[in-house]
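Notes follow the structure.
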Amino acid sequence: MVIVEEKCMQSIPPPPYVPNASSLPPPPFPGEHRGAAKPSDLPPHLLLKIVYMTFPQTPGIDEGKIERQRKTLCWLSTQLRLVNLSFYVACEHVLRSTYLPAYNSMIRSPYSSDPFPFSSSASTSSCDTLQRETKVLDLFIALKVHEDVMVDDSSLHLEREDSFKDLFDLMQPRSRLEDLVRHYGLREGVVHTNPSGVNVSSSSSSIFRVNNSGTGSASTSKRTSDPAPLPFSALSISFSPRRVGVVLTTSGRKRTIVDVARTRDEKLEVTAKKLVRQLKVWLSDGSRSSGII
């Protein structure tokens, strides 16, 4: 039984009448009226849960559960992830985690792979990534979801063996090598990922000189610092089974600044270290013309 105290209810005055009702928020919500909530306003973990719940868990009338889930993956790749940034991030998480084992199984020996995004601290969007192999993984997913749906829809469709040849014979090792050059180049100070560039300042250092008598003397002189590193965004790799090179793009023009030989069974990590050493020599020799970077 609920006892209603009439005195308490009568003590609350009714809201005042205002001719322009739009100037006040509708009761009983104080503050500004925010409007209807959108799915993209949800926290990322809830949006990801919703995306996972779109996968059917039961077979259909004329198709199995796996076939229905493959069509859902194709729908994520071709439609849902294009809605907005929030759905794009959620769909990419599902697609990349689903197809990563198939992608890794097609890596040619002795190549290595690390396609997961590496986000820069200066990135303005969560989709920005310095990891160039991520693009190859996304291309593989776009092709794979289409091929899987075609195989399920028709027994007459034959998956071509060379469908992924260009991806894993050229694009994957080349992009992986570019990522390794960035990694080792940052460590050696020959490349940078700062979009605003780097400042090169002069500094004084102590130079040890050897005279004719064989004794040494230390003197302090002012010299310029190490050569400015190259922007990674302007670098690319020319890749072939026998030779690889670093290509510099400036003002729309491309030129190969470093070129080294490699063997077919050479690991990409070894090749990347050789390229970085040659880049360091090229920078130290001052072979760049003034104003190129």
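You'll find the side chain of T54 reaches within 4.5 Å of the side chain of W75, heavy atoms only. Taking the side chain as every heavy atom from C-beta outward, K65 and F55 never approach each other to under 4.5 Å. In this structure the side chain of Y99 reaches within 4.5 angstrom of the side chain of D148, judged on heavy atoms. Considering only heavy atoms from C-beta on, I141 comes within 4.5 Å of R96 through its side chain. Looking at heavy atoms from C-beta onward, P56 lies in side-chain contact with Q69 at the 4.5 angstrom threshold. Looking at heavy atoms from C-beta onward, L275 lies in side-chain contact with V244 at the 4.5 angstrom threshold. Under the 4.5 Å side-chain criterion, counting only non-hydrogen atoms from C-beta, F116 is not in contact with T129. Here the side chains of P115 and V136 are not in contact, with every heavy-atom distance at 4.5 Å or above.
Listed by chain and residue number, V247 satisfy the side-chain contact (heavy atoms from CB on, under 4.5 Å) test with S238 (two or more places apart in sequence, or in another chain). Partners of R174 under the side chain to side chain donor-acceptor pair (under 3.5 Å) rule, at least two apart in sequence or in another chain, do not exist in this structure. Legend: residues meeting salt bridge (charged side-chain N to carboxylate O under 4.0 Å, His left out) with R262, ordered by chain and number and at least two apart, are absent. Taking the side chain to side chain donor-acceptor pair (under 3.5 Å) definition, one finds that Q79 meets it with nothing, sequence neighbours left out. For T98, the side chain to side chain donor-acceptor pair (under 3.5 Å) criterion is met by no residue, not counting sequence neighbours. A search for salt bridge (charged side-chain N to carboxylate O under 4.0 Å, His left out) contacts involving R243 returns D259, not counting sequence neighbours. Evaluation of the side-chain contact (heavy atoms from CB on, under 4.5 Å) rule for V83 yields L80, F87 as partners, not counting sequence neighbours. Shown here are the side-chain contact (heavy atoms from CB on, under 4.5 Å) partners of L82, two or more places apart in sequence or in another chain: there are none. Take R81 and apply the salt bridge (charged side-chain N to carboxylate O under 4.0 Å, His left out) test, not counting sequence neighbours, and it matches E92. With sequence neighbours excluded, the residues forming a side chain to side chain donor-acceptor pair (under 3.5 Å) with Y103 are E133, listed by chain and number. Residues satisfying the salt bridge (charged side-chain N to carboxylate O under 4.0 Å, His left out) criterion with K71, sequence neighbours excluded, are E63, D153.
The distance between the ring centers of F168 and F140 falls below 6.0 angstrom.
With E147 contributing its side chain and K144 its backbone, the two residues share no donor-acceptor pair below 3.5 Å. A donor-acceptor pair under 3.5 Å is absent between the side-chain atoms of S77 and the main chain of L73, judged by distance alone. Side chain of Q278 to main chain of V258: no donor-acceptor pair is present (N/O by atom type, distance under 3.5 Å, no hydrogens or angles).
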task: I would like to know whether Q172 and R108 meet side chain to side chain donor-acceptor pair (under 3.5 Å); could you show each step before the answer?
output: CA-CA 9 Å; Q172 188 276 329; R108 307 284 196 267; over 6 Å; no
Worked check of side chain to side chain contact (heavy atoms under 4.5 Å, CB included) between D114 and D179: CA-CA 9 Å; D114 184 16; D179 292 333; over 6 Å; no
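Among all heavy-atom pairs drawn from L180 and A272, the shortest one is CB-CB, 3.5 Å.
A donor and an acceptor atom, one from each side chain of S112 and E269, are located under 3.5 Å apart.
Both cation-pi conditions hold for R132 and F232: the charged atom is under 6.0 angstrom from the six-membered ring centre and inside a 45 degree cone around its axis.
K135 and D138 are not joined by a salt bridge, as no carboxylate oxygen comes within less than 4.0 angstrom of a charged side-chain nitrogen. With salt bridges taken as basic N to acidic carboxylate O contacts below 4.0 Å, one links D152 and R70.
Sorted by first and then second residue, the salt bridge (Lys or Arg N to Asp or Glu O under 4.0 Å) pairs involving residues 47-61 (not counting sequence neighbours) form an empty list.
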